[in-house]
Amino acid sequence: MAELNKESFVIRGKDTTRMESISRPSLSFWSDAWRRLRKNRSAFIGLCIIILYAIMAIFAPMFSQYTQSQMDVNARNAFISSAHWLGTDSTGRDLWVRIWMGARVSLSIGLIAAVVNMCVGAVIGGLCGFYGGKLDMIVMRIVDLLYGIPSLIITILVVMVLGKGIAPLIVAMCVVGWIGTCRFVRGEVYRIKEQDFVLAARVLGVPNFTIILKHMIPNILGMLVTNLCMAIPGAIFQEAFLSYIGLGITPPNCSWGVICKEGIQYLRYSPHQVLIPAFFVCTTMLALNLLGNGLRDAVDPRLRGTE
């Protein structure tokens, strides 16, 4: 019988080199969120649509032979053709140029109003949630009072007081638009400040400003970005509605709501004047909602490493 020794045996099923290697690449929070957002097909398509509309709004009017106010009396209410890619309106103005000039206004107002509401709501809600006490009680009672009044009524009243135009419209949309973000951020800060890492930082004597900057903001920033993407469609629709009823943008500026308002009276025999701007409003809102849903899933830390 052959003598058994150490060399007679072979270790099977164990590779120490592979076991000690890092199986998943190290990614930052935003890198991992971008990776998961790209895998979400509907959200990525929504992002591409928004980028395409933004690029067209910036560059399309520059390369057109028409301006938004240029009239062609011989081509009034014209349908789509090689001369006018999206047709013309009742005064002969090219709808291709007006659609993209209106996109500049609609997208800008929606973005600015949503960003301002997010910043104001995040600051007020964060302070109320972190410090609490009388500040929280007073601010929340004011928020509850404003929350009980339909926001559209307040917006219309502010527009009637300040007048028509881009700046008054943005101010009117921001008067009560921050309430939802304020309540959301307050609840998140209340939840986070009771976590162990925040309590440990307080025990170690870390100042409140540092806790807010290094612990609170990073933990709610992803949710704020998601909330921003969900708020922009509402702001765009509100601007379009106010412009449609005559309380929004004034000539010579135009927006998608203004174009719809001007074309509604020709709906029976020239429906493209309404359907085209309505199509862009609907696709923009759909794309932003898809992107918002995708961002909500991508920035959720509970889903990291589940793929």
Side-chain angles (χ1 to χ4, degrees), residues 29-30 33 109-159 161-162 167-238 288-289 292-293 295-302:
F29 174 80
W30 292 108
I109 290 178
L111 180 61
I112 293 173
V115 170
V116 171
N117 288 332
M118 183 194 71
C119 294
V120 174
V123 171
I124 297 177
L127 292 175
C128 293
F130 188 80
Y131 291 103
K134 294 183 179 180
L135 173 66
D136 180 43
M137 183 185 66
I138 295 173
V139 173
M140 286 301 105
R141 298 298 75 77
I142 296 174
V143 167
D144 292 338
L145 178 63
L146 294 176
Y147 204 75
I149 305 174
S151 60
L152 185 59
I153 294 178
I154 298 178
T155 303
I156 292 176
L157 291 176
V158 174
V159 170
V161 172
L162 298 180
L169 185 59
I170 294 176
V171 173
M173 295 170 65
C174 294
V175 169
V176 293
W178 55 272
I179 293 177
T181 304
C182 177
R183 292 165 66 98
F184 160 74
V185 172
R186 173 180 175 269
E188 287 295 310
V189 171
Y190 257 121
R191 180 183 62 84
I192 295 173
K193 77 175 185 177
E194 300 298 332
Q195 299 293 321
D196 292 339
F197 62 89
V198 177
L199 296 177
R202 285 181 168 176
V203 170
L204 294 174
V206 178
N208 288 336
F209 178 78
T210 305
I211 294 176
I212 294 173
L213 188 65
K214 293 188 176 181
H215 296 290
M216 295 294 181
I217 294 179
N219 278 279
I220 66 173
L221 187 59
M223 297 300 176
L224 283 176
V225 173
T226 303
N227 192 53
L228 174 64
C229 289
M230 302 296 285
I232 293 176
I236 292 176
F237 180 79
Q238 192 172 15
L288 285 168
N289 279 301
N293 290 331
L295 279 174
R296 182 187 57 198
D297 297 336
V299 302
D300 190 347
R302 293 171 295 182

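All values below were derived from every heavy atom in this structure, side-chain atoms included, with hydrogens, water molecules and symmetry-related copies excluded. Index from 1, following the sequence. Bear in mind that the values here come from a model prediction, so they are computed numbers and not experimental data.
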Is the closest side-chain heavy-atom distance between [X] and [Y] below 4.5 Å?
X	Y	result
Val175	Thr155	no
Asn227	Met223	no
Asp136	Phe130	no
Leu157	Val161	no
Pro150	Ile154	no
Met140	Arg186	yes
Met173	Ile109	yes

Notebook entry, point to check: When you look at Val143 and Trp178, which way does the side chain to side chain contact (heavy atoms under 4.5 Å, CB included) test go after all the steps?
Noted result: CA-CA 10 Å; Val143 167; Trp178 55 272; 3.9 Å; yes
Ignoring hydrogens, what is the shortest heavy-atom contact between [X] and [Y]? Give both atom names and the distance.
X	Y	result
Ile236	Gly110	CG1-CA, 4.0 Å
Asn117	Cys174	OD1-CA, 3.2 Å
Arg191	Gln195	O-NE2, 3.4 Å
Met216	Ile192	SD-CG2, 3.7 Å
Cys128	Leu135	SG-O, 4.2 Å
Ala114	Ile232	CB-CG1, 3.6 Å

If you round to the nearest 0.5 Å, how far is [atom2] of [Y] from [atom1] of [X]?
X	Y	atom1	atom2	answer
Met230	Thr226	CE	OG1	8.5 Å
Arg141	Leu146	CZ	CG	12.0 Å
Asn208	Leu213	CG	CG	12.5 Å
Phe197	Ile211	CZ	CD1	10.0 Å
Ile149	Ile153	CD1	CD1	8.5 Å
Cys229	Leu295	SG	CG	4.5 Å

[X]: what forms a side-chain hydrogen bond (donor to acceptor under 3.5 Å, both in side chains) with it, not counting sequence neighbours?
X	answer
Tyr147	none
Ser151	none
Arg202	none

Notebook entry, point to check: Using 4.0 Å as the upper bound for N to carboxylate O, is an ion pair formed by Arg183 and Asp144?
Noted result: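 Arg183 and Asp144: salt-bridged.
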Margin query: Assess the residue pair Met118 and Val225 against the criterion (side chain to side chain contact (heavy atoms under 4.5 Å, CB included)); give the C-alpha distance rounded to whole Å, side-chain angles, the decisive distance to 0.1 Å, and a yes or no.
Written below: CA-CA 9 Å; Met118 183 194 71; Val225 173; 6.0 Å; no
Margin query: side chain to side chain contact (heavy atoms under 4.5 Å, CB included) for Val189 and Asn219? Distances and angles first, verdict last.
Written below: CA-CA 9 Å; Val189 171; Asn219 278 279; over 6 Å; no
Notebook entry, point to check: Do the side chain of Lys193 and the main chain of Val198 share a donor and acceptor less than 3.5 angstrom apart?
Noted result: no
Note to self: Check this for me: Phe184, atom CZ, are more than 12 non-hydrogen atoms of other residues, nucleotides or ligands nearer than 6.0 Å?
What the structure shows: yes
Next item on the list: May I have the step-by-step check of side chain to side chain contact (heavy atoms under 4.5 Å, CB included) for Thr181 and Leu224, ending in yes or no?
Entry: CA-CA 8 Å; Thr181 304; Leu224 283 176; 4.1 Å; yes
